[in-house]
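The block underneath contains the structure these notes are about, expressed in structure tokens.
As the structure is a computational prediction, the values presented were derived from the model and not from experiment. Per chain, numbering begins at 1; letters A, B, ... match sequence-line order.
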Amino acid sequence: MTSPLLANLNPEQLAAVTLPHRSALILAGAGSGKTRVLTTRIAWLLATGQASPLAILAVTFTNKAAKEMLVRLSAMTPVHTRGMWIGTFHGLCNRMLRAHYRDAELPQLFQIMDTQDQLALIKRMYKEHGIDDERFPQRQLQYFIASAKEEGLRPNQVEAGDDIARRQVEHYALYEGMCQREGVVDFAELLLRSYELLARHEGLREHYRRRFSHILVDEFQDTNILQYKWLRLLAGDDTAVFAVGDDDQSIYAFRGANVANMQHFERDFGRPDRPVALIKLEQNYRSHGNILDAANALIKNNRTRLGKNLWTSGDKGDLVRALAAPSDVEEAAFIVDVAKSLAAEGLALSEIAVLYRSNAQSRLLEHALFNAALPYRVYGGMRFFERAEVKSALAYLRLVAHPDDDGAFLRVANFPPRGIGARTLENLTDAARTQGTSLWQAACAGGGAGGKPSASLRAFIELIESMRAATAGLPLPEAVDHVNAASGLIAHYKKEKDGQDRLDNLAELVTAAESFLREADLAVDAPITTPDAGDAPRATDEGAADPLTAFLAHAALEAGETQAAEGRPAMQLMTVHAAKGLEFHTVFVTGLEEGLFPHEQSLNEFDGVEEERRLMYVAVTRAKRRLYVTHAQSRMLHGQVRYNVASRFLDEIPASVVAWLSPRRTRRGAIDVDPAEWGERLGAITPQSSPSVAARVPVSGSRGTAWRIGQSVRHAKFGVGIIIDAEGRGDDARVQVNFRDTGVKWLALEYAKLEAA
DNA sequence: AAATGTGGAATTTTT
DNA sequence: TTCCACATTT
């Protein structure tokens with residue numbers, strides 16, 4: 001076996017890649033070459049003739065991962081990746097539903113709603129049915145529906161324990177009715193419909209089962225119940241399912257991810273003659289030893305694990321650097337200082353990441369970086385296809401493609417303003433409801449309940465009709481361009497003084513249509529046909545018959561980049577969640593404080609702290625060479641200063657691999673250092689200082705009675721905490737302490753024997 | 001129909 | 001603090 005494909009694989013990777021035909025669960029630790037194994041496995045199957053490209057289905061969660069798989073695969077083998085089913089769960093389900101829209105009981109040109117659209121639909125529904133949004137918050141219903149669907153449950157299958165739940169189920173049913181009438185599906189619906197399609201149509205199911213001899217799943221720990229059921233349906237007796245995942249990196253339980261899927265895999269995908277193979281990839285190619293030691297020790301505190309230990313053949317490397325800053329401002333200043341000196345040493349800024357638990361923390365960091373003129377890029381936020389002007393342009397296109405889309409209708413009927421007031425739309429909504437039709441049909445039928453067809457409404461109908469006629473024969477980008485202008489959007493934003501960005505985005509939408517066509521072209525070859533249940537011919541990768549519908553699906557399924565990548569290298573700011581899968585030379589994990597990380601909300605959740613710990617594990621394992629873990633004694637949060645105890649996760653990193661860059665007492669908690677001295681001390685600490693910088697700065701002894709807000713204390717009964725308030729003096733003096741384990745308490749200094757901690 | 005004011009809430013996020 | 005939804009004003 002001297003295939004170059006297999007060169008440089010370690011024994012476990014090699015075993016995984018060349019596994020004989022049967023299902024396998026690959027426990028792939030952080031940085032263990034997971035993507036490489038996955039793509040090499042596919043290449044291997046193809047190269048050895050064990051599978052044809054059409055027999056392979058590979059599924060990921062993100063478009064980015066799917067794209068990367070395609071790129072790496074084409075680099076490895078000369079195969080045409082075009083006919084292959086490689087994509088996201090949603091993308092593949094969309095493809096399947098387009099091909100079998102009749103059996104799925106969907107209109108041919110069904111439209112996909114993103115979460116914004118979905119919320120808008122729920123709001124409309126609340127208005128129409130007079131549902132009380134105080135008692136039933138719209139967001140909550142949105143979550144309720146998504147959760148139900150992710151478990152594969154229709155309204156009649158949801159068990160409602162109490163009255164509230166019963167009402168929510170009713171609302172769920174109403175919602176479904178609206179979606180069906182308007183011909184729109186939400187994200188979860190793509191999965192559920194596809195699942196039901198396979199469940200109900202045996203012929204189809206058998207067709208796909210026979211076709212896909214190999215199913216490969218990326219980030220298996222992130223699959224939800226429905227995705228798992230979908231995989232089970234799709235996998236026939238002779239299908240080998242190759243599931244790659246890491247239970248220690250399961251950080252999406254809050255959106256339905258079900259790690260138990262990994263535990264059940266062996267039972268559900270094994271056959272008596274071909275039990276599931278279990279392979280662990282534990283050799284890490286990313287990080288130096290001390291970083292891995294920190295990660296391993298940390299994650300050992302979780303009880304529910306499959307069990308894994310990362311190791312490296314490389315160096316121990318630097319110690320993990322820890323810092324207790326007096327406040328969030330100093331924490332940010334420290335990061336600026338270190339980044340500057342690293343940059344001065346020649347480290348690319350893009351190799352430095354600053355991670356935080358919640359987005360709110362980015363502001364101050366941005367402020368500090370901005371003032372220091374350090375280029376940075378923040379991940380997260382508004383994506384291209386989510387911007388208002390882009391969504392409006394898309395709504396016109398949706399109306400052109402699919403006029404019954406009430407959401408699209410309402411979005412642009414009077415935008416830009418054209419004299420269709422709230423009153424007109426109300427009447428129209430009433431008329432549509434009584435006639436049981438879409439707004440579009442009601443408008444065509446003559447408008448409002450009063451029977452007075454509004455002239456502006458008629459003009460709008462004509463506008464859409466004329467757009468449809470004008471764009472009919474046009475290539476997609478030209479059609480988009482036409483709609484941008486004919487809709488009046490361009491004229492509208494030209495009038496606005498801050499409209500230039502929006503105009504740019506509208507122009508960018510034309511470009512997006514161009515590149516969509518270009519990429520779709522590459523992805524398409526001859527229509528896939530099979531004797532019994534042929535897949536419909538595809539015009540594009542999105543699987544729709546016409547390019548416009550495909551583009552609209554693309555816009556919904558791939559929201560696009562957060563912001564255009566800047567030319568110059570920049571530091572990377574993001575949440576820990578967003579950092580999953582990435583790696584950097586230097587990583588700062590910031591805000592390591594009880595209440596923030598682990599987040600206080602997680603403490604009430606089942607398995608909450610363990611998930612937070614996995615999150616911390618993800619954060620730590622992003623670092624290749626240098627890891628900083630920082631916390632601040634005081635932090636401005638929601639407009640108020642808060643005093644937090646240092647995170648328990650800091651204590652869980654073995655002292656032997658940590659160098660404290662700030663004075664620190666023996667136990668958890670903050671330092672006892674005067675902010676005034678801070679700058680001086682910090683100045684003496686350079687990031688290059690040897691690991692032995694450690695905790696050796698002696699702290700001036702606490703003077704028995706001189707307690708300060710922000711100080712860490714210990715109480716014999718209540719444990720450790722931080723003083724957050726004080727009042728009175730002398731014998732009456734009391735302090736308020738936020739104890740880590742026992743909460744906030746007022747203590748009289750005369751009686752409570754507090755000691756500095 | 002745009003501009004201004006008020007109250008409340010405030011993880012994590014892909015599709 | 002900041003963002004949002006909603007209500008009220010202009």
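- In this structure, A:Arg139 does not reach the B:dA9 phosphate: none of its side-chain N or O atoms is under 4.0 Å from OP1 or OP2.
- Between A:Leu615 atom CG and B:dT11 atom C1' there is a gap of 10 Å when expressed in whole angstrom units.
- Remark: P of B:dT13 and CD of A:Glu611 are 12 Å apart, rounded to the nearest angstrom.
- In the set B:dT11, B:dT15, B:dA2, B:dT11 carries the atom at the smallest distance from any side-chain atom of A:Gln601.
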*Would you write out the dot-bracket form of DNA chain B, 5' to 3', with Watson-Crick and G-U pairs under 3.5 Å, [ ] for crossing pairs, | for pairs to other strands and . for unpaired bases?*
||||||||||.....
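- Distances shorter than 4.0 Å separate none of the side-chain N or O atoms of A:Arg255 from OP1 or OP2 on B:dT15.
- B:dT11 and C:dC6 have their C1' atoms separated by 25 Å, with the value rounded to a whole Å.
- Residue A:Thr575 has a polar side-chain atom (N or O) positioned under 4.0 Å from OP1 or OP2 of B:dT13.
- The ring of A:Phe460 has its center closer than 6.0 angstrom to the ring center of A:Phe409.
- Checking A:Glu331 against A:Thr590 by side-chain atom types alone, no donor-acceptor pair falls below 3.5 Å.
- Heavy atoms of A:Asp114 sit nowhere under 4.0 angstrom from any nucleic acid atom.
- With its ring centre under 5.5 Å from that of the base six-membered ring and a plane angle below 30°, A:Phe254 counts as stacked on B:dT12.
- Remark: the backbone N or O of A:Pro417 is not paired with any side-chain donor or acceptor of A:Asn414 at under 3.5 angstrom.
- Taking the six-membered ring where tryptophan is involved, the planes of A:Tyr252 and A:His577 are tilted, since the angle between them lies from 30° to 60°.
- A:Tyr379 and A:Gln572 form a side-chain donor-acceptor contact under 3.5 Å, judged by distance and modelled atom types alone.
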*CA sep, side-chain torsions, deciding dist, call: A:Arg613, A:Glu652, salt bridge (Lys or Arg N to Asp or Glu O under 4.0 Å)*: CA-CA 10 Å; A:Arg613 188 174 285 109; A:Glu652 292 174 4; 2.7 Å; yes
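- For B:dT11, the glycosidic angle deviates from 0 by 90° or less, giving a syn base.
- Nearer the 5' end of DNA chain B, as judged by each residue's closest nucleotide, is the contact made by A:His492, out of A:His492 and A:Ala556.
- Between the NZ atom of A:Lys67 and the P atom of B:dT14 there is a distance of 14 Å, given to the nearest Å.
- At a cut-off of 3.5 Å, with distance as the only test, a side-chain donor of A:Gln361 or A:Ser358 sits close to an acceptor on the other residue.
- Among the protein residues, A:Asp133 comes within range of the sugar-phosphate backbone only, with heavy atoms under 4.0 Å from sugar or phosphate atoms but none that close to a base.
- The salt bridge (charged side-chain N to carboxylate O under 4.0 Å, His left out) with A:Arg305 is formed by just one residue from the set A:Asp246, A:Asp248, A:Asp247; it is A:Asp248.
- B:dT13 and C:dC4 have their P atoms separated by 15 Å, given to the nearest Å.
- The phosphate of B:dT14 has neither OP1 nor OP2 within less than 4.0 Å of any side-chain N or O from A:Asn63.
- Straight-line distance from the CZ atom of A:Phe61 to the C1' atom of B:dT14: 9 Å, rounded to whole Å.
- Residue A:Ser602 has its side chain nearest to B:dT11 when only B:dT11, B:dT12, B:dT15 are considered.
- Checked against B:dA10, B:dT13, B:dT15, the side chain of A:Phe187 finds its nearest nucleotide in B:dT15.
- For an aromatic pair to be called close, the ring centres must be under 6.0 Å apart, and A:His171 with A:Phe144 fails this.
- For A:Arg139, the CZ atom is loosely surrounded, since the number of other residues' heavy atoms within 6.0 Å does not exceed 12.
- Whole-Å rounding puts the A:Glu612 CD to B:dT13 C1' distance at 14 Å.
- Rounding to whole angstrom units, CZ of residue A:Arg357 and C1' of B:dT13 are separated by 11 Å.
- Summarising the geometry, the separation between CG on A:Asp117 and C1' on B:dT15 is reported as 13 Å, rounded to the nearest angstrom.
- At the heavy-atom level, A:Lys123 lies under 4.0 Å from the strands shown only through sugar-phosphate atoms.
- Heavy atoms of A:Phe89 sit nowhere under 4.0 angstrom from any nucleic acid atom.
- With the nearest nucleotide of DNA chain B identified for both A:Glu386 and A:Asn414, A:Asn414 has the one nearer the 5' end.
- Contacts between chain A and DNA chain C, taken as any atom within less than 4.0 angstrom of a protein heavy atom, begin and end at C:dT1 to C:dC6.
- Under 3.5 Å, the side chains of A:Glu593 and A:Ser647 contain no donor-acceptor pair of N or O atoms.
- The interatomic distance linking A:Glu68 (CD) with B:dT14 (P) rounds to 16 Å, in whole Å.
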